[in-house]
2 protein chains.
Amino acid sequence: MSEQRDALKETSSNRALSRDVALAAGVSQSTVSRALRDDPRISSTTRERVRQAAEQLGYVPNRVARNLRERRSRVVGVMVQDIDNAFYTQLLADMHQELLVAGYAFTLIVDPLHLRSDVTRLRNLLDASFDGLIITTATLDSDAPEALHRRGIPIVLSVRSIPGLEVDIVESDNVAAGQLAARHLVSLGHRDIAAIMGPEVTSTTQHRIVGANQVLGHSLPPERVFNGPYSHESGHSHCRRLLQGDRPPTAIMAANDVIAIGVIDAARQMGYSVPDDISVIGFDDIHMASWHSFRLTTVRQDTKAIAVQSARRLIERIEDPDGPVTHDKYPVSLTMRATTAAPK
Amino acid sequence: MSEQRDALKETSSNRALSRDVALAAGVSQSTVSRALRDDPRISSTTRERVRQAAEQLGYVPNRVARNLRERRSRVVGVMVQDIDNAFYTQLLADMHQELLVAGYAFTLIVDPLHLRSDVTRLRNLLDASFDGLIITTATLDSDAPEALHRRGIPIVLSVRSIPGLEVDIVESDNVAAGQLAARHLVSLGHRDIAAIMGPEVTSTTQHRIVGANQVLGHSLPPERVFNGPYSHESGHSHCRRLLQGDRPPTAIMAANDVIAIGVIDAARQMGYSVPDDISVIGFDDIHMASWHSFRLTTVRQDTKAIAVQSARRLIERIEDPDGPVTHDKYPVSLTMRATTAAPK
DNA sequence: ATATAATGTGCATTCGTTTGCTCACTGTAC
DNA sequence: GTACAGTGAGCAAACGAATGCACATTATAT
């Protein structure tokens with residue numbers, strides 16, 4: 001048993017190193033490094049010999065050492081508010097894919113606090129040796145993005161933006177999104193519309209409200225606008241309260257599909273029929289929106305394009321820190337399904 | 001402009017180093033390191049002076065260098081099949097939390113291929129400098145876990161297991177889960193039950209089928225058992241086909257809630273009522289299962305406990321590679337909601 | 001045969017920390 | 001005044017790979 005212990009101990013520390021390969025192949029350590037990285041200066045015979053030796057010993061280069069030497073980690077951080085949220089989850093899946101093919105790994109940073117100056121947190125971001133950061137949790141009062149930017153850490157603001165910051169931004173045209181939703185509801189004949197939005201300090205929320213107001217010709221009355229997290233629960237409870245009130249609205253605009261589904265659930269639970277008694281429109285068009293139980297009418301944003309482009313922009317920024325700052329704004333479109341209709 | 005360029009260039013490379021702090025504080029670089037790590041040998045005056053200098057310069061230790069020296073990265077990999085899946089997403093959220101407080105970051109590894117010997121992939125896992133790996137994608141024919149284990153890389157098998165491998169396992173009692181589901185359906189009077197399961201090579205699928213068969217007193221007929229991915233789509237299409245067949249079953253057991261919801265959607269879409277026309281039971285009890293639109297009866301597994309314990313076991317294993325191998329098996333329970341009833 | 005270029009390797013340094021060991025200094029006991 | 005702890009700090013060697021430069025060796029030109 002103690003023998004096995006020792007064996008194990010040895011095993012865990014006897015990962016073959018480049019110098020072991022060098023010894024086995026009868027060349028120098030630097031030649032091993034070059035051969036394995038396909039340096040043209042190494043003859044093909046030597047290269048082959050080194051390859052074999054490496055294979056034999058199961059040699060895999062130590063990435064930490066390489067990172068130190070190359071002064072980069074090929075790891076990027078992706079900040080999201082909440083992993084357990086279908087929108088972020090779709091976004092992450094596509095970002096992951098894009099980063100992967102570019103040779104980057106990513107580590108998830110969950111940031112429920114919207115990047116408000118939490119010194120410890122900021123320190124962690126700085127010392128975490130990311131090559132860059134995709135931030136999807138920016139709020140208008142986030143201070144971390146600027147601090148990180150000043151430190152020279154490549155960042156891209158994805159999904160949500162902060163005005164006046166000279167960093168790459170990838171987002172949807174949220175003003176147009178607000179317009180689209182409002183125009184759809186108005187054209188169906190709705191006049192009393194409520195909005196269950198995300199946190200007020202969020203660019204998406206503000207832009208969409210602006211867009212909606214433009215179409216309505218007036219500002220949504222404050223008692224018809226609700227702010228809260230992007231959760232099923234938020235949609236559910238706000239809708240419940242609305243329907244219990246004196247004069248419920250005839251339509252509800254939700255900040256995203258997850259909220260919208262919460263709204264639908266609450267309405268149904270209270271015996272209301274969607275869309276006969278009340279119309280509901282969402283944003284995003286996540287997979288779930290098309291499920292038969294919901295068939296949610298929603299303003300589609302090109303989540304995949306945003307995910308992919310965010311990853312690309314970050315990589316570009318990492319590889320060329322001084323390139324021009326970009327701002328991608330993707331068009332949105334209306335996906336009509338079965339949760340909106342003319343009011344009774 | 002070109003001035004700013006230069007400034008930027010400098011900025012990105014002039015992160016303060018410990019030697020800069022040393023210079024500023026008038027001490028040696030090693031003293032800086034010790035002072036910042038609260039080494040008792042450093043006097044409090046010196047410590048304070050170093051602290052101030054570090055603060056002043058905005059010094060943050062380079063984690064890559066530290067990792068190289070300490071021979072560890074404080075990063076663990078978590079392998080999941082699919083990010084965009086509510087079950088994994090919940091699991092990840094809790095693992096993340098647990099790892100975070102223990103000082104570990106995690107990087108996500110998406111592994112749709114079930115860890116079948118993909119040499120490139122394995123290489124990537126090996127050289128990625130993870131301190132350990134939580135694997136939720138093991139199948140009975142995965143060979144990577146054994147290879148990784150042999151290499152001395154700490155791993156824990158989470159959710160799914162592989163028999164005969166001397167590694168830590170954290171899972172639910174899936175035989176009991178199968179029994180529970182079958183017993184519930186049988187006690188309601190169901191005799192013709194179909195099962196829409198995950199991939200056949202999965203321990204969870206096999207154990208649950210075993211449990212169900214034990215209760216039924218016979219094996220489910222092959223034409224009533226379907227294997228497929230853990231997706232809404234799989235539940236949807238299999239259910240559709242079942243209901244279009246000659247004699248549809250009176251109840252469907254799904255391998256997880258996501259599939260079950262696909263089943264419900266398909267049934268409703270075809271005009272069947274759940275549970276009046278057909279009963280549906282899921283596994284997991286994800287948040288969504290309780291949404292009013294589904295109210296899914298399901299066998300609950302303690303996802304949170306599994307997530308937390310997997311993280312803990314991995315950390316223990318990292319910190320004590322030679323400790324005894326553990327096998328946690330969590331009990332499951334029946335959550336009765338509104339998708340099961342007696343057959344007509 | 002000698003100079004010259006082209007080719008392939010190796011030596012030694014570097015990346016930025018942590019840490020074993022040494023050493024200078026102070027204060028106490030003899 | 002010498003010896004001896006007990007402090008506090010510095011020197012220098014890791015950690016494991018990448019790479020600039022020097023240096024062999026061979027092929028080519030003269």
When you look at H327(A) and E171(A), which way does the side-chain contact (heavy atoms from CB on, under 4.5 Å) test go after all the steps?
CA-CA 8 Å; H327(A) 187 159; E171(A) 63 180 344; 2.8 Å; yes
Rounded to the Å, how far apart are L68(A) CG and dT18(C) P?
12 Å
Going by heavy atoms in the side chains, are V159(B) and F87(B) under 4.5 Å from each other?
yes
Interatomic distance, E146(A) atom CD to L165(A) atom CG [nearest 0.5 angstrom]:
6.0 Å
Please state how far atom CZ in R15(A) lies from atom C1' in dC15(D), giving the value in whole angstrom units.
13 Å
Closest to the side chain of P61(B), out of dA17(D), dT17(C), dA9(D), is dT17(C)
Closest-nucleotide 5' rank along DNA chain D - winner of T46(B) and S30(A):
T46(B)
N/O donor-acceptor pair, side chain Q29(B) with base dA9(D), under 3.5 angstrom:
no
Under a 3.5 Å cutoff, is there a donor and acceptor pairing between the side chains of D168(B) and T326(B)?
yes
Can you tell me the distance, in whole Å, between the CG atom of N67(B) and the P atom of dT19(C)?
12 Å
Using a 4.0 Å heavy-atom cut-off across all strands, classify R41(A) as base, sugar-phosphate, or nothing.
base
I need the CZ-C1' distance between R72(B) and dT17(C), as an integer number of Å.
14 Å
Whole-Å distance between dA14(D) P and N62(A) CG?
17 Å
Scan S43(A) against the nucleic acid and name what it touches under 4.0 Å (heavy atoms): base, sugar-phosphate only, or nothing.
sugar-phosphate
Any N or O donor-acceptor pair under 3.5 Å from the base of dA18(D) to the side chain of R69(A)?
yes
Counting only side-chain N and O atoms of Y59(A), is one of them less than 4.0 Å from OP1 or OP2 of dA17(D)?
yes
Starting from P on dT7(D), measure out to CG on D39(B) and report it in whole angstrom.
14 Å
With a 4.0 Å cut-off on heavy atoms, is R37(A) in touch with a base, just the backbone sugar-phosphate, or nothing at all?
sugar-phosphate
Taking CZ from R19(B) and P from dA12(D), how many angstroms apart are they, rounded to a whole number?
15 Å
Assuming nearest nucleotide by heavy-atom distance, tell me which of V32(B) and A65(A) is located more 5' along DNA chain D.
V32(B)
May I ask you to evaluate whether T31(B) reaches the phosphate of dG10(D), defined as a side-chain N or O under 4.0 Å from OP1 or OP2?
yes
Name the one of L157(A), T139(A), I135(A) that satisfies side chain to side chain contact (heavy atoms under 4.5 Å, CB included) with I162(A)?
L157(A)
Can you check whether D84(B)'s main-chain N or O pairs, donor with acceptor, with T89(B)'s side chain at less than 3.5 Å?
no
Quick one: the side chain of R34(B) and the base of dG10(D), do they pair up donor-acceptor inside 3.5 Å?
yes
For a quick check of understanding: with a heavy-atom distance under 4.0 Å over all strands, which category does V27(A) fall into, base, sugar-phosphate or nothing?
sugar-phosphate
Atom-pair distance (CD on E48(A); P on dG8(C)), nearest Å
15 Å
Can a side chain N or O of S33(B) be found less than 4.0 Å away from OP1 or OP2 on dT18(C)?
yes
Do any side-chain nitrogens or oxygens of R71(A) fall under 4.0 Å of OP1 or OP2 in dC15(C)?
no
Can you say whether a donor on the side chain of S28(B) sits under 3.5 Å from an acceptor on the base of dC11(D), or the other way round?
no
